[in-house]
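All ligand and atom numbering here is 1-based and tracks the order in the structure.
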Amino acid sequence: MTDAVTPGLQGYDVIGDVHGCADTLERLLDKLGYHLGPNGYHHPRRQVVFVGDIIDRGPRIREALLLVRTMVESGAAHMVLGNHEFNALMYCTPNEGPEGGYLRPHSPRNAWQLAETLEQFADYPDEWQDHLDWFQRLPLFLEWHSFRVVHACWDAHLIACHRARFGSGHFDRAFLQETADSHSVAARTKQRLTSGIDLPLPQGMSIVSSDGVERTHFRTKFWAPEAETYGQLLFQPDPLPEGVSEQPIDPAHRERMITYGENEKPVFVGHYWLKGRPAPVAPNIACLDYSAVKFGRLVAYRFDGEKQLDPKKFVWSYVDP
Ligand SMILES: [Mn+2]
């Protein structure tokens, strides 16, 4: 666990998916009372925790990444990796196994996900490589005495396994190489922690999500043991196809569900493209991704050690279209 050892530190501001919205991030930090000094943004009594997904999609990825990294390296912030950073790492890392290529295949869809980032770093290849090296030094999850942060899903079992191997949320080159095999523990850990639990739609069905991608799976809650239907388990803005919502959850799918107990310490995630007014999704769970890059809100939660999250402690900046 990471202990709050910084003298005078009073709390943490957990910030959701930035996705290249650097201007909005600057306005949010300003609103939260952070000041831009010679070593980047900082606050005399608070630290930021970024939930990951700083890159891809948005207009100022390079600036956002530099801002965040400067804060982390100066001690003003912490960060866990999002699926976008881990995917970028896999996309750009050669597979050292006999199959060769890259850890993440250069398919049109995978290329599309990283296109905006690679485009913005096209004239700065050394800088991009240096960021990739930095991603490899960041953890998949963080835990303090009073709260936890992971990009998409706090899976206690996989986290315990990861800790048994690495002692923390960090990982090494061997782990990164192992993620190329989708059946490996490494791949399952990366997928579960940074992308959550996806369930397949019934045979032949698909959803075209709001970003135009056709999906055969949908995103689910990791804390809904009482859910009986797929609709009660759904956790994404795009609705299920007609009729699927009311269907009872298949026992095989139920086996893949996990829970997050109501007495567990608060956990913060991003990832899920929420819309509307920010609020806790459970008394001890907050998702901070409110679709900033789709002209939603960039959201922070001001955490001061409370056991039950308070709807009044969300702060946000709107993205200027
Ligand atoms: Mn995201």
query = With respect to the Mn ion (ligand 1), what is the nearest N, O or S atom of Asp17?
reply = OD2
Backbone or side-chain N/O/S of His19 under 2.8 Å of the Mn ion (ligand 1) = yes
key: Main-chain N/O of His271 paired to Asp17 side chain as donor or acceptor, under 3.5 Å   = yes
note = Looking at Asp53, the N, O or S atom sitting nearest the Mn ion (ligand 1) is OD2
message = Taking the ring of Phe303 and the ring of Trp144, is the distance between their centroids below 6.0 Å?
response = no
message = Using ring centroids (six-membered ring only for Trp), state whether His84 and His151 fall under 6.0 Å.
response = no
Per-pair distances, 0.1 Å, donor-acceptor, side chain in residues 237-247, under 3.5 Å, sequence neighbours excluded:
| from | atom 1 | to | atom 2 | distance (Å) |
| --- | --- | --- | --- | --- |
| Asp238 | OD1 | Ser210 | N | 3.2 |

